[in-house]
Amino acid sequence: MTYNLEKLEELSGGDQEFIDSVITVFVEDTPADVKALKQAVASGDFENIYRQAHKIKPNLDLLGMQEAKNLVLEIENDARKREPLAVIEDKVERVCGMIEDTIKVLIADFRG
């Protein structure tokens, strides 16, 4: 499974409306964040890479996307250390793929 709602369910106290709203915001807003992260990498803007990765991280945590969250933490650290862009780009492509796949699954699971 690409996501796990345990943390979100615990945080919401089982409020399905709240869970649905968090999922809706993730599905609708995260593609723009993914695009901004990819653009930051393409332009070699380490500060913006860090900022965009940091912005995405809490949502990954809320949705129990641990592998993607760990990758975003690595991206943040790599951007801070100004690691080679090729290293960062590879991680960004992987995490963006995970996010895009999860969005498709969430749409199928909650709007299907």
List in chain and number order the residues that pass side chain to side chain contact (heavy atoms under 4.5 Å, CB included) with Glu28, two or more places apart in sequence or in another chain; answer none if no residue qualifies.
Thr24, Arg111
Can you run down the ring pair (Phe, Tyr, Trp, His ring centres under 6.0 Å) pairs that involve residues 11-30, sequence neighbours left out, and say none if there aren't any?
none
Scan for ring pair (Phe, Tyr, Trp, His ring centres under 6.0 Å) pairs involving residues 51-108, sequence neighbours excluded, and state none if there are none.
Tyr50-His54
At what distance, to the nearest 0.5 angstrom, does [atom1] of [X] lie from [atom2] of [Y]?
| X | Y | atom1 | atom2 | value |
| --- | --- | --- | --- | --- |
| Ile103 | Ile23 | CD1 | CD1 | 12.0 Å |
| Asp33 | Asn59 | CG | CG | 7.5 Å |
| Ser21 | Asp15 | OG | CG | 8.0 Å |
| Gln39 | Asn48 | CD | CG | 9.0 Å |

Under a single-linkage definition using a 4.5 Å side-chain heavy-atom cutoff for Ile, Leu, Val, Met, Phe, Trp and Tyr, are Val25 and Val27 assigned to the same hydrophobic cluster?
no
Membership question, hydrophobic clusters at under 4.5 Å side-chain separation (ILVMFWY): are Leu73 and Phe46 in the same one?
no
Side chains of Leu106 and Thr2 in contact at under 4.5 Å (non-hydrogen atoms):
no
Could you pull out all donor-acceptor pairs under 3.5 Å where a side-chain atom in residues 86-98 meets a protein atom, sequence neighbours excluded?
residue: Asp90; atom: OD2; partner: Arg94; partner atom: NH1; Å: 3.4
residue: Lys91; atom: NZ; partner: Glu74; partner atom: OE1; Å: 3.1
residue: Lys91; atom: NZ; partner: Asp78; partner atom: OD2; Å: 2.8

May I have the list of side-chain donor-acceptor pairs in residues 63-70 shorter than 3.5 Å, sequence neighbours left out?
residue: Gln66; atom: NE2; partner: Asn70; partner atom: OD1; Å: 3.1
residue: Lys69; atom: NZ; partner: Asp61; partner atom: OD1; Å: 3.4
residue: Asn70; atom: ND2; partner: Gln66; partner atom: O; Å: 3.4

Side chain to side chain donor-acceptor pair (under 3.5 Å) filter on Gln16, not counting sequence neighbours, yields Asp20
Check this for me, if you would: do Arg51 and Glu47 make a salt bridge, where the nitrogen-to-carboxylate-oxygen distance has to be below 4.0 angstrom?
yes
